[in-house]
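Here's the structure, in structure tokens; my notes come after.
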Amino acid sequence: MNKGYNPKEIESKWQKYWYDSKVFSAQVDQNKKKFYGLIEFPYPSGAGMHVGHIRAYSGMEVLARKKRLEGYNVLFPIGYDAFGLPTENYAMSIKTHPRIVTDRNIKRFNEQLRSVGFSFDFDRVIDTTDPDYYRWTQWIFIQLFKNGLAYKSKTLVNFCPDCKVVLANEESQDGVCDRCGSAVVQKEKDVWFLRIRNYAERLLQGLEKVDFLDRIKIEQSNWIGRSEGAELTFTVTGGDITYPLNVYTTRPDTLYGATFLVISPEHPMVKRFEDIITNYDKVREYQKQALMKKELERTQLNKEKTGLKVEGIFATNPITNEPIPVFMADYVMMDYGTGAIMAVPAHDTRDYQFAKKYNLPIVEVIKGGDIEKEAYIAKDGGTMINSGILNGMEVEEAIVTMIKHLEKLGIGKAKVDYKMKDWAFNRQRYWGEPIPIINCAKCGQVPVPESELPLVLPDLEDFSPTDDASSPLSKCTDWVNTTCPKCGGSATRETDTMPQWAGSSWYFLRYLSPKCQTALVDPDDYKYWGQVDWYNGGMEHVTRHLIYSRFWNMFLYDIGVVTYQEPYLKRTTQGLILGSDGEKMSKSRGNVVNPDDVIRDYGADVLRTFILFMGDFEKPAPWSEDGAKGCWRFLNRVWNLMYMIKETKTDDINLAFAIKKVSDDYESNKFNTAIAQLMSTLNQFYQRTTVTKDELNVFLKLLYPVASHIASEMYEKINNGAKIEKSTWPTYDEKDLIAQEIEIPVQINGKLKGKVLVEKDATQERVLELVKTTTNALEDKTIIKVIYVKDRIINIIAK
RNA sequence: GCCAUUGUGGCGGAACAGGCAGACGCAAGGGACUUAAAAUCCCUCGAAGGAUAACUUCGUAUCGGUUCAAGUCCGAUCAAUGGCACCA
């Protein structure tokens, strides 16, 4: 009699085989087409993996397994993005060095990944905190520095005056320090930036060449935020000082309607007029208040605008020569445009709100709106009025004309601007890559010689923050004090570390030759594997990580390290797994599902099957214990197919359709409907009560990418010990897909009244005839009109 | 607030490109098997009316529109989720 399905037994057997025999270790093979499938490598947290990780990797796992059977040479690597704040905080809380914590976590993650049976290439595991790895992260930074793309500049950071520590935005929500609850202030600090703005246009243009989901392209392009406009100069006068104030505007057409200027609280002009501004105390007070707020609070449209008039100075509208007042308001940001705007209240919502509040004149320059009620944006057109030389023009023409006019007068020019800011590239933390720069009083910033890389993170006893908001590394004076590589004089090391984004900005290259000592990637390996063919990850990473890594890859292209500008050919996303309560999984909600428990109760195959069956891969889906039970039943029924094999069959089951449906669905991340199709096919076998060996072999191959252990075991059993890995993906004959007879729904006046069975490609006359003869739907009715869509539907309008 | 996405039975979801709404699964109810339970197998299963039938009407967040035909397209509204630059 049949021996029941025992996942424990077969899963450990196959995992041992897969990992001991190294069947998934990718080797360069010039005779095979390559496929490089990438998933976002995890942050190895102390809590271990949760089912969300499993879902994130399961999609590419299915594709990797399928593509191997299709004859591709598949590279499907895994690694760890292990530097970062959570580990550092956790390490401090349990008083253990982050190195030890990290090693422990990585070990645990590796075990968990294997217990799920993922077909990762475990010979290529990388760890961003390994000096052999971050040596190259530092090397890239030095190249950026040498190419003028890394610079130091002042910026504002969240600072807790009590803890004396720089805080991440997440640690300072609602303006309150996470640790002690005191109010967070914005503190000016000298930090490193990378000139990602230099790549803004290329990052935008590059999107046209890659196969990313549309919404990802839109998000990236909005993040880059290209705008076309003009930069023009207003003259600000106070006492006997004049100051040329540059403003950036996307709407030079509305210049005649500019009735005041607004500068950001951080604008340097204020200092210039220090002795002239008559309400300087109030201005200072406002600047201080603005420092308490974060950008998000400052720019919220629905909040009432705050600001004040800067008394004692005025500006001149360069086209009307009218004097206009100058205001300071925190809705203008210093780091976008020029930190100053010309306000056109009639045609800008924020300016309108501000003008209403401070009783400023609103001059309509584009016809069409009702400026008594609200601002009229008129982006898509409108006729200019009250606008001197522009009167009567359409908006588009007015923009062009005004820019030309400004250029002629020498007071302005066309300018493309980007919302994207340069990348703040350092943290005042211990657990990160040391920035390989030496500060010399004589020579300035000098990079650590490349021969001295990696610049190893010193082993600190105490990595808690210092009192003055600098990195814990500054306490390690032995390490900090060094000699200048250029002049040999005494110098100090940069003590800040890199942000976690650094290591993840190039990891896809390191996978190609993880042990290469002479370069970040071996050129021969790169030549073969090249770009990532398909990258899947979370929607939460599509702006920063995905843009940062595209930027680094483009830079590496520019200095000749790689030969493709774009690192990823295709990018898709997966949805989160929510708790069974429909909420995001979190420890505090107590709704976290541990994959280990599911594997213990049902096995890895059930976990893999359910995690893909639970819903659309790209959308969030709630976990359900009962749903997992359904997949357990499914795999049990699959197992029992082995005892239903009979070589004679009573009727044909259309496997061609199943092969097509499952193959296509896998390729488009529709794993849930692929599994539904497998269930339907299984039900058909059960209905017939038999299955042939050939049919079962096809079925097992289709199932193999999802439930790999059971498919491997059954395939081996029914094929005298053959390994499914050595088989090939099933194919089908196109002609087997075409049904000879089609059921056509019959609608009368748009409502379904019946169906007729008709041969393929039947004419309207033929179908209509069948409706008349085989149904009574048209009884007592006169036909007015017939809409017939061949092989789809017939709709008869009748009275 | 801004950008993006989503909203379909008791539940998770399906519906290719405007053409049969609810595939597949879960839960529930009924039945078979069993001393019993579990497991397994079979049947029913959007709502209302009707007789448990035939059939009729309503139904894809809300309101409106386009169309022979709308879950799908258009406009407005509401709600939820992701991102908003030092969490990764």
Side-chain angles (χ1 to χ4, degrees), chain A residues 4 40 42-43 45 81 83-86 89 155 157-158 166-172 189 191 196 213-216 218-219 221-223 225 294-297 299-303 335 349-350 419-429 499-501 504 538-545 547-548 573 575-576 578 580 582 584 610 613-616 618-631 633-634 636-637 640 661 664 670 672-680 682-683 686 743-747 749-755 784-787 789 792-797:
Chain A
E40 283 167 349
Y43 185 86
S45 73
D81 188 15
F83 272 133
L85 202 52
N89 287 343
T155 191
V157 294
N158 301 311
V166 177
L167 297 170
N169 270 348
E170 195 186 58
E171 298 171 295
S172 58
K189 241 194 136 340
V191 306
I196 191 172
L213 292 177
D214 278 346
R215 62 171 181 275
I216 297 175
I218 295 168
E219 283 276 26
S221 119
N222 288 343
W223 180 272
K294 282 186 287 181
E295 180 173 338
L296 191 60
E297 299 168 58
T299 52
Q300 280 187 2
L301 249 182
N302 63 336
K303 282 217 179 130
D335 50 13
T349 310
R350 286 175 306 182
K419 206 170 276 162
M420 183 167 66
K421 300 172 192 170
D422 273 344
W423 176 6
F425 197 74
N426 55 326
R427 306 292 182 261
Q428 298 70 36
R429 300 289 181 164
Q500 191 173 359
W501 306 107
S504 60
M539 200 61 201
E540 70 274 21
H541 292 292
V542 306
T543 46
R544 286 187 280 173
H545 160 64
I547 290 188
Y548 292 156
T573 63
L576 284 175
L578 308 172
S580 44
K584 201 169 166 176
F610 178 58
F613 181 63
M614 60 198 294
D616 186 335
E618 288 177 5
K619 289 183 199 150
W623 181 263
S624 143
E625 178 75 26
D626 282 334
K629 237 188 275 174
C631 291
R633 277 181 211 148
F634 167 60
N636 270 283
R637 280 160 66 88
N640 290 332
K661 173 81 179 151
D664 291 356
K670 299 279 178 212
N672 54 337
T673 49
I675 293 166
Q677 178 58 49
L678 289 171
M679 288 172 169
S680 293
L682 176 80
N683 290 344
Y686 267 74
E743 204 177 42
I744 305 275
V746 179
Q747 291 185 344
N749 299 328
K751 292 208 166 148
L752 183 72
K753 291 292 170 184
K755 284 165 191 178
I784 295 164
K785 191 179 171 187
V786 177
I787 297 106
V789 184
R792 286 314 266 271
I793 199 163
I794 185 162
N795 188 8
I796 301 160
I797 312 305

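FYI, side chains are in, hydrogens and waters are out, and symmetry mates aren't considered; it's all heavy atoms of this structure. Order of the sequence lines sets the chain letters (A, B, ...), proteins ahead of strands, with each chain counted from 1.
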Using a distance-only criterion (donor-acceptor N/O pair, under 3.5 Å, no hydrogens), is the base of C68(B) paired with the side chain of K785(A)?
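Donor-acceptor pair under 3.5 Å: no.
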Report yes if a donor N or O on one partner sits less than 3.5 Å from an acceptor N or O on the other, where the partners are the side chain of N222(A) and the base of C3(B); otherwise report no.
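Counting by modelled atom types and ignoring angles, no donor-acceptor contact under 3.5 Å is found here.
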Measure across [X] and [Y] and return the closest heavy-atom pair with its distance rounded to 0.1 Å.
X	Y	answer
G750(A)	N795(A)	N-OD1, 3.0 Å
A424(A)	P499(A)	O-CG, 4.4 Å
V542(A)	E219(A)	CG2-CB, 4.2 Å
L85(A)	Y43(A)	N-OH, 4.1 Å

With heavy-atom distances below 4.5 Å as the criterion, would you say the side chains of [X] and [Y] are in contact?
X	Y	result
I216(A)	H541(A)	no
E540(A)	T573(A)	no
K785(A)	I796(A)	no
D616(A)	E618(A)	yes

What's the closest nucleotide to the side chain of [X] if the choices are [options]?
X	options	answer
M420(A)	G19(B), A85(B), C24(B)	A85(B)
F613(A)	C20(B), G25(B), C86(B)	G25(B)
I787(A)	G13(B), A21(B), G19(B)	G19(B)
K619(A)	G7(B), C16(B), C20(B)	G7(B)
E219(A)	A23(B), G83(B), A4(B)	A4(B)
E540(A)	G83(B), C20(B), C86(B)	G83(B)

Within the structure shown, what part of the strands sits under 4.0 Å from [X] by heavy-atom distance: base, sugar-phosphate, or nothing?
X	result
N683(A)	sugar-phosphate
H545(A)	nothing
D81(A)	sugar-phosphate
D664(A)	nothing
I797(A)	sugar-phosphate
P499(A)	nothing
F634(A)	nothing
S624(A)	nothing
V542(A)	nothing

Would you measure the distance from the [atom1] atom in [N] across to the matching atom in [M] and give it in whole Å?
N	M	atom1	answer
U72(B)	G83(B)	P	29 Å
C68(B)	A51(B)	P	39 Å
C63(B)	A15(B)	C1'	25 Å
U8(B)	G71(B)	C1'	7 Å
A21(B)	A54(B)	C1'	23 Å
A38(B)	G49(B)	C1'	41 Å
A85(B)	A61(B)	P	33 Å
G19(B)	U57(B)	P	23 Å

For [N], take OP1 and OP2 only and decide whether either is under 4.0 Å from a side-chain N or O of [X].
X	N	value
K670(A)	A23(B)	no
R633(A)	C41(B)	no
R215(A)	G82(B)	no
N672(A)	A14(B)	yes

Is [X] reaching over with its side chain to a backbone N or O of [Y], donor-acceptor style, under 3.5 angstrom?
X	Y	answer
N426(A)	V191(A)	no
Q747(A)	I793(A)	no
D422(A)	I196(A)	yes
Y686(A)	R637(A)	yes

For [X] and [N], what is the distance between atoms [atom1] and [atom2] respectively, to the nearest whole Å?
X	N	atom1	atom2	result
M679(A)	A23(B)	CE	P	14 Å
D422(A)	A85(B)	CG	C1'	12 Å
F83(A)	C87(B)	CZ	P	18 Å
Y548(A)	C87(B)	OH	C1'	12 Å
I547(A)	A85(B)	CD1	C1'	10 Å
F610(A)	A27(B)	CZ	P	11 Å
W223(A)	C2(B)	CH2	P	18 Å
R427(A)	C86(B)	CZ	P	5 Å

Where does G64(B) land, syn or anti, given syn is within 90° of 0?
anti
Find which nucleotide of RNA chain B each of Q677(A) and K751(A) is nearest to by heavy atoms, and output the residue with the more 5' nucleotide.
Q677(A)
Which residue lies toward the 5' end of RNA chain B, Q428(A) or M614(A), if each is placed at its nearest nucleotide?
M614(A)
Contacts under 3.5 Å, N or O only, protein and nucleotides 71-78 of chain B:
none

Could you run down the sub-3.5 Å N/O contacts of the protein with nucleotides 79-81 of chain B?
none

Please convert RNA chain B into dot-bracket. A pair counts if it is Watson-Crick or G-U wobble with both distances under 3.5 Å; crossing pairs go in [ ] and bases paired with another strand get |.
(((((((..(((......[....))).(((((.......))))).((((.....))))..(((((..]....))))))))))))....
So, do F425(A) and W501(A) have ring centers that fall under 6.0 Å from each other?
no
